[in-house]
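Comments concern the structure below.
Starting from 1, each residue takes its place in the sequence as its number. From a predicted model like this one, the values you see are computed outputs, not experimental measurements.
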Amino acid sequence: MKKKVFILFWVWAIFFPPNVWAENKFVNLVWGPNSDVQATVGNIEFGDNNNSSKSFILRLPGDTRPMSVIRHHCTVSSISHETSGFQRMWFQFDDSWISHVSGLKYRLRSGGNTNWIQHSRNNNLITMRSRGAVMSYKGANCVDLGFSTNVGPFSGDVLAVPLIIEVDKATAVPGHYNINIPFKWLFEEVKGTGNGHFELDGNAMATFSSLPSQSIPVSVDVTSRCTLSTYDTINLSHGRMSPTEAVGHKSRPYSININCSGAVSARLKLSGSSPISDASPNLTQCGPNGSCELLFDNNTYNQKIIIDRSKNISISSTYTPIGKIKEGLFNGSGILTFEVL
């Protein structure tokens with residue numbers, strides 16, 4: 001006869017309050033600067049290569065400075081004993097294109113290294129933070145919002161913000177530029193034991209929005225082995241035309257001299273600013289009833305050439321009516337692109 005054995009057992013557990021194992025006592029303060037900081041950036045240079053982006057380091061100052069509490073989260077009013085904690089720097093900028101008064105267009109992008117990461121992106125606002133640095137404190141006090149005191153000094157790699165500057169090469173005429181980089185920055189610290197808390201993790205955008213922007217002057221040099229005799233607007237005039245003369249009318253050519261430091265390979269290209277559908281890219285709308293074809297003196301609009309120190313090129317426009325010819329003034333525009341290969 002088979003014998004069945006039954007074993008009776010109990011399953012039990014004891015649930016402790018969360019603070020039995022660790023005292024979750026912390027003081028989290030977010031500090032904003034009371035005045036602009038004198039951050040520094042070295043000189044940035046762009047040459048003839050196709051690289052339109054350069055990595056650089058924006059270095060925040062490490063000196064003690066007046067700052068105010070703009071956000072806080074505390075589970076205790078004070079910690080009287082020595083404790084550990086973390087510190088983080090926060091940095092925010094807009095990566096939209098910025099137009100310099102000279103016409104140069106540039107924008108920032110976030111770089112990356114082991115000390116800084118991109119925290120979030122909201123539209124064109126990029127928020128970065130440094131990785132938490134473990135610190136020791138002699139104690140901590142939770143203070144009211146708006147409390148101001150000297151904070152710092154700061155040190156280490158958290159002061160070196162890795163960034164990338166990108167220029168629009170079509171607007172990068174050789175020369176020296178003094179540009180400004182707008183930004184915002186914050187300092188966050190958590191003092192205490194247990195799990196701790198980083199207040200800015202979920203509130204960075206709202207916190208930054210209350211701060212005014214600062215700006216850093218940056219020197220940018222654009223260099224080239226070649227220079228053009230003009231970087232101003234090139235005017236191609238068709239003058240006065242009769243309806244008969246308007247068909248295929250050619251403007252007077254405009255001559256440009258290119259000087260280079262030696263034998264240089266380059267590409268020249270003409271393109272219309274108001275392109276015409278299903279037409280060659282060097283055609284542009286000229287008024288409501290015509291088109292202008294932009295050509296070099298060898299009847300090309302996109303050519304690779306060798307410049308042995310100096311070369312002259314000329315550009316002209318050929319007008320073609322579209323539909324019925326109407327009297328009146330017309331105009332159009334195009335772009336000359338010169339690229340050193």
Side-chain angles (χ1 to χ4, degrees), residues 48 50 52 97 99-106 167-175 222 224-341:
D48 283 326
N50 292 324
S52 61
W97 286 100
S99 294
H100 187 259
V101 64
S102 65
L104 177 72
K105 292 183 179 180
Y106 61 96
V167 298
D168 177 7
K169 293 298 283 284
T171 65
V173 175
V222 179
S224 177
R225 287 171 288 166
C226 299
T227 58
L228 306 183
S229 58
T230 182
Y231 294 98
D232 297 328
T233 301
I234 298 172
N235 291 309
L236 302 174
S237 176
H238 285 273
R240 298 173 64 91
M241 302 181 294
S242 68
T244 303
E245 293 171 333
V247 180
H249 186 272
K250 197 168 185 176
S251 71
R252 294 184 60 181
Y254 190 100
S255 181
I256 298 176
N257 178 254
I258 306 172
N259 285 299
C260 302
S261 58
V264 171
S265 176
R267 180 172 295 281
L268 291 161
K269 183 172 68 173
L270 292 167
S271 54
S273 299
S274 301
I276 298 172
S277 179
D278 299 323
S280 178
N282 63 315
L283 265 71
T284 189
Q285 192 78 34
C286 275
N289 301 298
S291 68
C292 289
E293 183 180 21
L294 304 173
L295 291 170
F296 296 113
D297 45 10
N298 58 358
N299 289 323
T300 65
Y301 66 89
N302 189 345
Q303 58 179 328
K304 181 178 178 181
I305 61 174
I306 300 295
I307 304 171
D308 188 7
R309 295 191 176 273
S310 181
K311 186 176 180 65
N312 287 314
I313 62 167
S314 63
I315 303 169
S316 63
S317 165
T318 300
Y319 179 77
T320 300
I322 300 175
K324 185 179 180 180
I325 299 177
K326 296 182 179 180
E327 66 176 346
L329 181 69
F330 70 85
N331 58 67
S333 61
I335 300 169
L336 166 64
T337 302
F338 174 75
E339 180 183 6
V340 177
L341 303 177

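The CD1 atom of Ile276 sits 10.0 Å away from the CD atom of Glu293 when rounded to the nearest 0.5 Å. Atom NE2 of His238 sits about 5.0 Å away from atom CZ of Phe330, to the nearest 0.5 Å. Of the inter-residue distances, the one linking Leu294 atom CG with Ser333 atom OG reads 9.0 Å to the nearest 0.5 angstrom. Put simply, SG on Cys260 and CD1 on Ile307 are 4.0 Å apart, with the number rounded to the nearest 0.5 Å. Note: Phe296 CZ to Ile305 CD1 = 8.0 Å, rounded to the nearest 0.5 Å. Rounding to the nearest 0.5 Å places CD of Gln303 at 5.5 Å from CG of Leu268.
Side-chain contact between Tyr254 and Ile313 is absent, with no heavy atoms from C-beta onward closer than 4.5 Å. In this structure the side chain of Val264 never reaches within 4.5 angstrom of the side chain of Asp308, judged on heavy atoms. The shortest side-chain heavy-atom distance between Ser99 and Tyr106 does not fall under the 4.5 Å cut-off. In this structure the side chain of Ile315 reaches within 4.5 angstrom of the side chain of Leu270, judged on heavy atoms. Between Ser291 and Cys286 the shortest side-chain heavy-atom distance does not fall below 4.5 Å. Within the 4.5 Å cutoff, side-chain heavy atoms of Ser280 are placed close to those of Tyr301. Taking 4.5 Å as the limit, some side-chain heavy atom of Ile322 sits within range of a side-chain heavy atom of Gln285. Between Asn312 and Ile256 the shortest side-chain heavy-atom distance does not fall below 4.5 Å.
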Does the side-chain contact (heavy atoms from CB on, under 4.5 Å) test come out yes or no for Asn257 and Lys311, once each step is laid out? CA-CA 6 Å; Asn257 178 254; Lys311 186 176 180 65; over 6 Å; no
Evaluate Lys324 against Asn289 for side-chain contact (heavy atoms from CB on, under 4.5 Å), listing each step before the verdict. CA-CA 7 Å; Lys324 185 179 180 180; Asn289 301 298; over 6 Å; no
Asn282 vs Lys269, side-chain contact (heavy atoms from CB on, under 4.5 Å): CA-CA, chis, key distance, verdict: CA-CA 8 Å; Asn282 63 315; Lys269 183 172 68 173; over 6 Å; no
Could you go step by step and tell me if Ile335 and Ser273 meet the side-chain contact (heavy atoms from CB on, under 4.5 Å) rule? CA-CA 7 Å; Ile335 300 169; Ser273 299; 3.8 Å; yes
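Each of Pro253, Ser251, Ser237 was evaluated against Ser317; a single residue qualifies, Ser251, per the side chain to side chain contact (heavy atoms under 4.5 Å, CB included) test.
Side chain to side chain, Asn259 and Ser310 meet the donor-acceptor criterion of an N or O pair below 3.5 Å. If you check the side chains of His249 and Thr318, you find no donor sitting under 3.5 Å from an acceptor.
Across all their heavy atoms, Ser265 and Ile306 have their closest contact at CB-CD1, 3.7 Å. Annotation for Val340 and Ser224: closest pair CG2-OG, 3.9 Å, computed over non-hydrogen atoms. Here the closest heavy-atom approach between residue Ser274 and residue Thr284 is recorded as N-OG1, 3.1 Å. In this structure, Asn299 and Lys250 approach most closely via the heavy-atom pair OD1-NZ, 4.4 Å.
At least one donor-acceptor pair closer than 3.5 Å links the side chain of Arg309 to the backbone N or O of Ser261.
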